[in-house]
Amino acid sequence: MDNRLQINQPIQPLRKTQQQNKAVQKNKKTDSPSFKDILGEKMNGKGKLSFSKHAQKRINSRSIPVSKVEIDKLNSGVEKARNKGARDSLVMVNKVAYIVSVENNTVVTAVDEESMEDNVFTNIDSAVFMK
C-alpha cells in the first residue's frame with residue numbers, strides 16, 4: 001500500500017508584491033514602542049512597579065504608609081530579586097511585607113507587622129530585606 005500524498009500541481013511559495021510590503025510598512029505606527037523596546041524594558045526591570053487591586057485594598061484597609069522612600073526601597077528590593085533570577089519575592093520594607101511578582105513588576109499584596117502574626121507566605125522563591 002502506497003501512503004504517499006499525491007499532488008497534481010507543483011507547490012509554489014507565496015510571494016508578497018512590493019506594493020503589499022509598502023502597504024504593511026505604512027500601517028505600522030512609528031510613534032508606539034516596538035516589541036523589542038518593550039521586551040528590553042521588561043528584561044532590564046525598567047518598568048514602573050504597579051500595585052494590584054488586592055494590594056491597594058490591603059494597603060488602604062491596614063493604613064500602611066507608602067511614601068516615595070518606601071517605593072524607592074521596594075523598587076530597589078525588586079531589582080535585587082530580579083538580578084538573582086527571582087520570579088515571586090517577599091520584600092520587607094520598614095516592617096511591611098510586600099509580595100511582588102518580579103516578572104510582572106506588580107505588588108500582589110502587602111502585610112503590616114500587626115497583621116503578620118501567624119501568616120505563612122507561600123508561592124515565593126526569594127525574600128529581600130531592605131533597611
Side-chain angles (χ1 to χ4, degrees):
M1 177 176 219
D2 191 9
N3 289 334
R4 290 188 236 166
L5 180 65
Q6 294 183 2
I7 300 174
N8 294 334
Q9 297 176 350
I11 298 173
Q12 298 290 326
L14 295 175
R15 295 184 185 150
K16 286 186 178 180
T17 66
Q18 288 180 346
Q19 287 178 335
Q20 286 173 326
N21 287 338
K22 286 179 183 178
V24 168
Q25 288 175 352
K26 264 188 179 180
N27 290 335
K28 288 184 180 178
K29 293 183 179 181
T30 57
D31 57 344
S32 64
S34 69
F35 175 77
K36 182 180 176 182
D37 294 339
I38 294 169
L39 180 63
E41 184 176 285
K42 292 292 183 187
M43 295 299 289
N44 292 329
K46 293 181 181 176
K48 183 179 176 184
L49 192 62
S50 63
F51 289 78
S52 70
K53 287 183 182 181
H54 177 79
Q56 291 173 12
K57 281 183 185 178
R58 292 294 176 253
I59 288 168
N60 290 333
S61 69
R62 295 173 175 156
S63 301
I64 297 171
V66 183
S67 69
K68 184 176 178 354
V69 173
E70 277 88 10
I71 296 291
D72 289 345
K73 287 181 180 181
L74 186 56
N75 274 315
S76 179
V78 170
E79 193 58 36
K80 286 181 180 188
R82 178 177 288 109
N83 290 338
K84 293 290 185 176
R87 295 185 318 214
D88 297 294
S89 187
L90 179 144
V91 181
M92 289 293 299
V93 177
N94 297 337
K95 298 182 181 181
V96 176
Y98 296 94
I99 303 298
V100 182
S101 169
V102 178
E103 291 178 317
N104 299 326
N105 243 18
T106 304
V107 177
V108 178
T109 195
V111 182
D112 61 347
E113 185 177 30
E114 294 170 10
S115 304
M116 226 180 288
E117 189 174 320
D118 294 331
N119 266 333
V120 175
F121 298 100
T122 59
N123 298 325
I124 60 171
D125 59 16
S126 60
V128 181
F129 295 87
M130 301 300 294
K131 293 182 182 182

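- Hydrophobic clustering of Ile, Leu, Val, Met, Phe, Trp and Tyr side chains at less than 4.5 Å, counting indirect connections, unites Val111 with Ile99.
- In terms of heavy-atom proximity, Tyr98 sits nearest to Pro65 at OH-O, 4.4 Å.
- How far CZ of Phe51 is from CD1 of Ile71: 3.5 Å, rounded to the nearest 0.5 Å.
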Assess the residue pair Asn105 and Arg82 against the criterion (side chain to side chain contact (heavy atoms under 4.5 Å, CB included)); give the C-alpha distance rounded to whole Å, side-chain angles, the decisive distance to 0.1 Å, and a yes or no. CA-CA 10 Å; Asn105 243 18; Arg82 178 177 288 109; 2.5 Å; yes
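- Under the 4.5 Å side-chain heavy-atom criterion for Ile, Leu, Val, Met, Phe, Trp and Tyr, Val66 and Val128 are members of the same hydrophobic cluster.
- Here the CG-CD1 distance, from Asp88 to Ile124, works out to 9.0 Å after rounding to the nearest 0.5 Å.
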For Ser76 and Met130: C-alpha separation, side-chain torsions, deciding distance, then whether side chain to side chain contact (heavy atoms under 4.5 Å, CB included) applies. CA-CA 8 Å; Ser76 179; Met130 301 300 294; 3.5 Å; yes
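- The two residues Gly77 and Val91 come nearest to each other via the heavy atoms CA-CG1, 4.2 Å.
- The minimum heavy-atom distance linking Arg62 with Ser115 is given by the pair NE-OG, 3.6 Å.
- The distance from atom NZ of Lys95 to atom CE of Met116, rounded to the nearest 0.5 Å, is 10.0 Å.
- Partners of Asp72 under the salt bridge (Lys or Arg N to Asp or Glu O under 4.0 Å) rule, at least two apart in sequence or in another chain, are Lys68.
- Test Thr109, Ile64, Asp112 against Arg58 for side-chain contact (heavy atoms from CB on, under 4.5 Å) and you get one pass: Thr109.
- Of all non-hydrogen atoms in Val108 and Ser52, the two that sit nearest each other are O-OG, 3.0 Å.
- In this structure, Lys84 NZ and Asp125 CG are separated by 13.0 Å, a value rounded to the nearest 0.5 Å.
- For Val102 against Val78, the heavy-atom pair with the smallest separation is CG1-O, 4.1 Å.
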Hey, mind stepping through Val107 and Gln56 against side chain to side chain contact (heavy atoms under 4.5 Å, CB included) and telling me if it holds? CA-CA 9 Å; Val107 177; Gln56 291 173 12; over 6 Å; no
Assess the residue pair Leu74 and Val100 against the criterion (side chain to side chain contact (heavy atoms under 4.5 Å, CB included)); give the C-alpha distance rounded to whole Å, side-chain angles, the decisive distance to 0.1 Å, and a yes or no. CA-CA 9 Å; Leu74 186 56; Val100 182; 4.2 Å; yes
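- Taking CG of Asn104 as the reference point, atom CG of Leu49 lies at 11.0 Å (rounded to 0.5 Å).
- Within a 6.0 Å sphere centred on CG of Asn123, heavy atoms belonging to other residues, nucleotides or ligands number 12 at most.
- Between Lys73 and Glu70 there is no salt bridge, since none of the side-chain N atoms of the basic residue sits less than 4.0 Å from a carboxylate O of the acidic one.
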